[in-house]
Every structure is written in structure tokens, then in C-alpha cells.
Q: 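One structure follows; several queries about it will come next.
Computed from a predicted structure; not experimentally measured. In each ligand, atom 1 is the first atom listed, and ligand 1 is the first ligand listed. All residue numbers in this chain count up from 1 along the given sequence.
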Amino acid sequence: MFSRPDFRTRCVRWLIATALFLMLGACVDKPNTLERVKEDGVLRVITRNSPATYFQDRNGETGFEYELVQRFAEDLGVKLEIETADNLDELFDQLHKQGGPVLAAAGLIDTPTRRQQARFSHPYLEVTPQVVYRNGQSRPTEPADLVGKRIMVLKGSVHAEQLAEIKKQYPALAYEESDAVEVVDLLRMVDEGQIDLTLVDSNELAMNQVYFSNVRVAFDLGQAREQRWAVAPGEDNSLLNEINAFLDKAEKNGTLQRLKDRYYGHVDVLGYVGAYTFAQHLQERLPKYEKFFKASAKKEEVDWRLLAAIGYQESMWQPTVTSKTGVRGLMMLTQNTAQAMGVSNRLDARQSIQGGSKYFAQIKEQLDSDIQEPDRTWLALAAYNVGSGHLDDARKLAANEGLNPNKWLDVKKMLPRLSQKKWYSKTRYGYARGGEPVHFVANIRRYYDILTWVTQPQLEGNQVTDGNMHVPGVDKNPPPNQQQPQPGS
Ligand code: BLG
């Protein structure tokens, strides 16, 4: 028989039980930030709505930050929920809010002031602040030259902080901080001469240079800086550690580099002169032909910007060019192709665009049905340039090498072989200048990417073309069998 424990023993037991309960409770009740995100199944991220961060295009949400953070959410196995702040002050306010977004991904730089407001991740992008001016005006080369100029920068930006520093040394410096504009507005204002100077980060300029032909770099203002994600200051380290591991991995496996190339690589590929030239042609040439591209796009169910990109690659949107080999017109049709497409005058821009578009659509249609997008588009482009027979030869070479003949990445490795006797002597259609279609496709993809930027609804007001910057209906939600390739995919 058990005797009933005395009062003291009972008290001690009760105290131990309570303490255990409280300790367990503390563990159960207070999951860390990472656990909370996983439990909720949602990663709430705050960003800014701008071309360098997050915006909507015809395929939905996109942007450098968006794509990177989307991959992070995928890694965590949770849904991504994006919120946008109108300005940087609001962004940090939101990050501090209890129950608000847990992460800010908005091209942020960790200045000493900001380090009091948030904790920053490992860096993922290096950018240099640049003073930009209008071509034809005198070029400032140092901070002293900023005095007496009409300058505008984003309110609350690092650039505003930099100007405040310079003002200490040059009190006559005047500048306006605005929260009613975005970087593209500032660049446009410089381009059009409404202001003399602005400060932007090198990545944003690289991305936008292709549509502001008058904008030039005056000088780099200070050292390169690193962009980082930010989490609220009071939070534990769980989420930050996970973010850092993710960013390190993205750096190692090339994800970051691919994103950088897609978003900021235009100038690298075109060169600065190429980028200004492209911007000029966008303003001066494309508006004359845009309606023809759109009409043919609708008829052939192809994205008009892809057709326009072909036209730029072929002739830089010039209707009367002729190549050494007698190929002619805006879409560079051979005599045979023109005849087959019912084009009577290759130098007539409308006919050339119609014929070229029809030919491209036909080639694409005739490709093997098991070739999926976006490879289908890239392979059709190669055939437009080199001919379907030679493309088939390259696909066979790919298959013989154990590569995938339905993948552009594999076929493009084989195409240059068509100009080497060792290889072409064994093919059905023989010699071809196989390197040409590889460059052809790469360039068109680049122009297509750029044209996609330019026609974002969110850049409206930025009158690069005829002002009709809306995405045409045919591009908006193509039925699944007409899915357009994503630029850069
Ligand atoms: C293409 C034709 C294809 C043709 C190939 O040549 O022209 N495409 C068009 O006409 C749209 O039809 O294929 S084939 O019919 O199966 O033989 C091969 O002959 C045009 C290419 C040629 C290229 N540009 C469109 O991309 C061109 O002009 N190359 C010469 C440049 S230069 O003279 O050396 O400067």
C-alpha cells in the first residue's frame, strides 16, 4: 500500500511539473523565424516595384530580385508572397512591423544608418553608383562639377546620402530628392534634358541604357557597393543563416551569374556603342514598322517582339539592305523564300515582314512535334538562317554524339561542324556556314529580351516606340499550345 506523499513532496513535484511544462511550452510556442515561415508555408517578402527588382510583364511577375527570391522560396518549399513599398522608408517600416514581411529584397546596400534598421545577408550583386549626364552637355568628372547643376535622386536612397556628404564639402551643391519618381524616370529626365544629372547604380544603368540613347556615364561616384537582402533587426538568425546558405549556393552553381547576364548583360553583349545605337533605332526606326510586326504576329501567332528582334538582327530595321549574297530587305529573304511566301517586292517593308513572319511560323510548325518550347523557337530561328536541311544535319550529328537533337543547347554545339569538311562530308546537305546561325539565335534572343523590357506596361510613359506600349492581346495569355518562349529561358 502506498502512503500519500506529504505536502512538501507534493509541492516540489508540482513545481517540477510546472517548470517542465513551462519549458516545453516555451519550446513549442516560440518557433524561430525560419520555422515560422515553414509552418505558414509562405515567405513574405517586401520589395520595390522597379525594373531592377520586381515588375509585371506579359508572362506575369518578374524581375531580378523576384526571380532570386522565388528560387529561395522554392528551396524552402513555401509559397512566395510579394509586397511592394512605395519608397525605401516605407520598406524598412514594413520590415519592422510585427507580423509583416520577414525579408526585404530590393537591391539594398547596407549603409551604417541602415544597419541600425535591419540585418543584412551576404552580398549577391556588386554595383557602382554612377553620375549620369546627357550626351552633348559638358561632362562632369568629379564631385565639384556637380555644383550648379539640376540634380534629382530618389528620396531615401544611398545616392541621396552620398550627395548629402558631398554637400558638406561643397555647400553650394543643390539637389532634389523625390519619392514620386523611379530610376527609369530619372534616366528619362536626363535623356530629355529636364534635369542635368542623376545618380543611379551601374546595374540599373546597364539595364536601361538600351532605351535612353542620350544618357552617358559621367563618372563613378565612390567605390563599388554590394547589394544584400535584409531581415528585421530583432529576429533570430535562423532565416538569415538560411538566406546566406542559399545565396552562397546560387553563387557557386551559376544561378546568380545567369540572372545577372539576363538582366544586366545587355551592355556587355552590345557594348556601350551598340546599346546607344539600339536605343536610337528603337526610337527612330522601330515605330515605322511596329504595326507591320504586330499584324504579322497576330496572323502567325508569334510574339511580335520576336519578329521585331529577327528584323533587327537581319537589317537593323532597314528595308532596303542587300547582302553580299543577294539576300534582301528588312527580313533578309532569299529570292526562293520570297517567291514561296508570295513576296513580290522584297524591299517593301510590309511585304518583307509578312513573308519573313510566315516563313518563320512555317518552319516552326514543320519541326518535329516532340521538340518543346522554348527550344522549338530557337531551332526554328536557326533554320530561318541556315535552312531546315542543314539544321536537320546538325540535329543528326547531335544524336550521333549522344546529345539531345531536340535541345538548342546541344544542337548549337554541332552547327559549327557543318563548316568542317571532316563533318559536313558525311551529312546529307553538306557544307554550311554553321557558326552563323549560332550567333544569329544568340543575338535575336538578346534583342528579344531587350524588346520585352521596353514594352513592359510598367515602363509606360517612357516613349520609346509609338507610345503604344501596351502588350498586345495576342501576347497576353497565349493558349498552352501557343506558349511563347520566355526571353532568356
Ligand atoms: C536563309 C533563308 C533560308 C535558306 C538559308 O538562307 O537566308 N532564309 C530566308 O530567306 C528567310 O530559306 O534555307 S534553304 O532555303 O533551305 O536553303 C540557306 O540558304 C538570311 C539567310 C541567309 C542570311 N540571312 C536570313 O537569315 C544571309 O543573308 N547571309 C549572308 C550574309 S553576307 O552576305 O555574308 O553578309
Q: Starting from the N and O atoms of ligand 1, find every protein N or O within less than 3.5 Å and list the pair with its distance.
A:
residue	atom	partner	partner atom	Å
ligand 1	6 (O)	Asn385	O	3.4
ligand 1	8 (N)	Tyr384	O	2.8
ligand 1	10 (O)	Thr334	N	2.9
ligand 1	10 (O)	Thr334	OG1	3.4
ligand 1	10 (O)	Thr337	OG1	2.8
ligand 1	12 (O)	Thr337	OG1	3.1
ligand 1	12 (O)	Tyr359	OH	2.4
ligand 1	26 (O)	Glu314	OE2	2.5
ligand 1	26 (O)	Asn385	ND2	3.0
ligand 1	29 (N)	Glu436	OE2	3.4
ligand 1	33 (O)	Ser323	OG	3.3
ligand 1	33 (O)	Lys324	N	3.2
ligand 1	33 (O)	Thr325	N	3.4
ligand 1	33 (O)	Thr325	OG1	3.3
ligand 1	34 (O)	Arg433	NH2	3.1

Q: Establish, from distance only, whether the side-chain atoms of Trp229 and Glu65 form a donor-acceptor pair under 3.5 Å.
A: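 Yes, side-chain donor-acceptor contact under 3.5 Å.
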
Q: Report the residue from Lys364, Lys407, Arg395 that forms a salt bridge (charged side-chain N to carboxylate O under 4.0 Å, His left out) with Asp375.
A: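 Among Lys364, Lys407, Arg395, the one that satisfies the salt bridge (charged side-chain N to carboxylate O under 4.0 Å, His left out) with Asp375 is Lys407.
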
Q: So, do Tyr429 and Tyr424 have ring centers that fall under 6.0 Å from each other?
A: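 Ring-ring flag for Tyr429/Tyr424: false, centres at least 6.0 Å apart.
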
Q: Output all residues satisfying side chain to side chain donor-acceptor pair (under 3.5 Å) with Ser138, sequence neighbours left out; order by chain, then residue number.
A: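 Applying side chain to side chain donor-acceptor pair (under 3.5 Å) to Ser138 gives none.
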
Q: Name each donor-acceptor pair under 3.5 Å that joins a side chain in residues 338-345 to protein atoms two or more places apart or in another chain, with its distance.
A:
residue	atom	partner	partner atom	Å
Ser344	OG	Gln351	OE1	3.3
Ser344	OG	Gln351	NE2	3.4
Asn345	OD1	Leu347	N	2.9

Q: Gln70: what forms a side chain to side chain donor-acceptor pair (under 3.5 Å) with it, not counting sequence neighbours?
A: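 Only Tyr66 meet the side chain to side chain donor-acceptor pair (under 3.5 Å) criterion with Gln70.
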
